Amino acid sequence: MSSPQKKSQKFEVDAVPQHIAVIMDGNGRWAKSRMKPRHAGHRAGVKSVRQTVELAAQRGVSYLTLFAFSSENWRRPEDEVTRLMGLFLEALQREVDSLHRNDVRLKFIGARDQLHKDLVKKICAAEDVTKNNAGLNLQVAVAYGGRWDIVNAAKTLATRAVNGEISVADMHDDNFAAELALGDAPDPDLLIRTGGEQRISNFLLWNLAYAELWFTECLWPDFDAQEFDEALAFYASRQRRYGYTGDQVA
Ligand code: FPP
C-alpha cells in the first residue's frame, strides 16, 4: 500500500505503530569501545534483535522490518562479510523453532541470488514453516537496497507492459508498490535508527515516504526496552499529515 490517504481516511495517530522498520547501526563501535573485534559487536547485536522482536510482539506491533545487511555491505572486509553470513545462518537455525512457537511469520527481503545456497535453503525453509502464523510479521532485509527494490519493481511492470498484460497508463503507485519487496505489507509508520547517524542509507526508499523518523545515539547492542519505548512515545506524539494541513487533520 503506497497511498497513505487511501490506506486510512482517519487521521488520529494510533498510539502503537503498525509497522516499525529498524536500521541496526553501531555494532562495530560497540565492539571497538570494548577492545573487541567487530564480529563480537554483531554477535552482541543478535541479542538486541531477539529482545526487539519480543518487545514488538508484546507492544502490539504487527510488522517489524530489520535492516541486517545492505547491498552496499558487500564492500566490507571479506572476513566480516563471511562472519555476518555465518551469524545469519546460525541465528536462523537457533531461533526458527522459537519464532514459530510464538506465532511469528518470518520473511526475508533482498537479493537472494547473491546469497550462499545453504543460507537461501534455510531462509526458504524458515519462511515456509512460519507462513501461516498470524502473530508478528518479522521481515529481515539481507542483501537489500532500496534502489535495487525499486528497479526490480520497475522491471516487473515494464515486462508486463512489453507482454501486453498492462498498459503504461495502468501503472500507478499501488500496483508499483505491490511489486516491491514488502509486497502488500503496510508502509512503515516509524523508522528507528540506532548508532547516531541520521540518514536512511538506501533502506526501503519507497516505503518510508511517510514514516516518522527516530534517531538515537544508542548503539544497537545496547538497544533495550527503555529505548524501544522512547521511540514508541516519540511516535505517539507525532501528528501525521500526509500532505494535508494540520487543521484538516485535527
Ligand atoms: C551495522 O553496524 C550492523 C550491521 C551491518 C549488521 C547487523 C547485523 C546484526 C545485528 C546481526 C544479527 C542480525 C540478525 C537479523 C540475526 P556497523 O557494523 O555498521 O557498526 P559501526 O557503524 O559501529 O561500525
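As the structure lists them, so they are numbered: ligands from 1, and atoms in each ligand from 1. Nothing here was measured: the structure is a model prediction, and the numbers come from that model.
At the top of the distance list for atom 20 (O) of ligand 1, counting protein heavy atoms only, stands Gly28 N, 3.0 Å. The shortest contact between atom 6 (C) of ligand 1 and any protein heavy atom is with Ala68 O, 3.3 Å. In terms of protein heavy-atom proximity, atom 19 (O) of ligand 1 is nearest to Arg76 NH2, 2.7 Å. For atom 11 (C) of ligand 1, the nearest non-hydrogen atom of the protein is His42 O, 3.7 Å. Here the heavy atom of the protein found nearest to atom 12 (C) of ligand 1 is Val46 CG2, 3.5 Å. Looking at atom 10 (C) of ligand 1, its nearest protein heavy atom turns out to be Asn27 ND2, 3.5 Å. If you check which protein heavy atom lies closest to atom 16 (C) of ligand 1, you get Ala91 CB, 3.8 Å. With hydrogens left out, the protein atom closest to atom 3 (C) of ligand 1 is Met24 O, 3.1 Å, a heavy atom.
Within ligand 1, counting atoms from 1 as listed, the ones closer than 4.0 Å to a heavy atom of Trp220 are 10 (C).
Heavy-atom separations between Gly26 and ligand 1 include at least one value shorter than 4.0 Å. Ligand 1 has Asp25 within reach: a non-hydrogen atom of the residue lies less than 4.0 Å from it.
Neither the backbone nor the side chain of Phe69 comes within 4.0 Å of ligand 1, counting heavy atoms alone. Of the heavy atoms in Asn73, only side-chain atoms (C-beta onward) come closer than 4.0 Å to ligand 1. Of all the heavy atoms of Arg38, the ones lying under 4.0 Å from any atom of ligand 1 belong exclusively to the side chain. Neither the backbone nor the side chain of Glu197 has any atom closer than 4.0 Å to an atom of ligand 1 (non-hydrogen atoms only).
Between His19 and Leu182, some side-chain heavy-atom pair lies under the 4.5 Å cut-off. Within the 4.5 Å cutoff, no side-chain heavy atoms of Asn152 are placed close to those of Glu179. At least one side-chain heavy atom of Val61 sits less than 4.5 Å from a side-chain heavy atom of Val16. Put simply, the side chain of Asp103 does not reach to within 4.5 Å of the side chain of Leu136, judged on heavy atoms.
Here the rule is salt bridge (Lys or Arg N to Asp or Glu O under 4.0 Å) with Glu127, and of Arg105, Lys122, Arg112 only Arg112 fits it.
Screening residues 15-33 for salt bridge (Lys or Arg N to Asp or Glu O under 4.0 Å), with sequence neighbours left out, gives Asp25-Arg29, Asp25-Arg193.
Looking at every heavy atom in both residues, Leu66 comes nearest to Phe203 through C-CZ, 4.3 Å.
Using cut-offs of 30° and 60° on the angle between ring planes, the pair Trp220 and Phe223 is parallel.
In this structure Phe69 satisfies the ring pair (Phe, Tyr, Trp, His ring centres under 6.0 Å) test together with Trp74, sequence neighbours excluded.
Of the polar atoms of Trp30, none of the N or O atoms is found under 3.5 Å from an N or O of ligand 1, judged by distance alone.
With rounding to the nearest 0.5 angstrom, the CG atom of Asn133 is 9.5 Å from the CG atom of Asn102.
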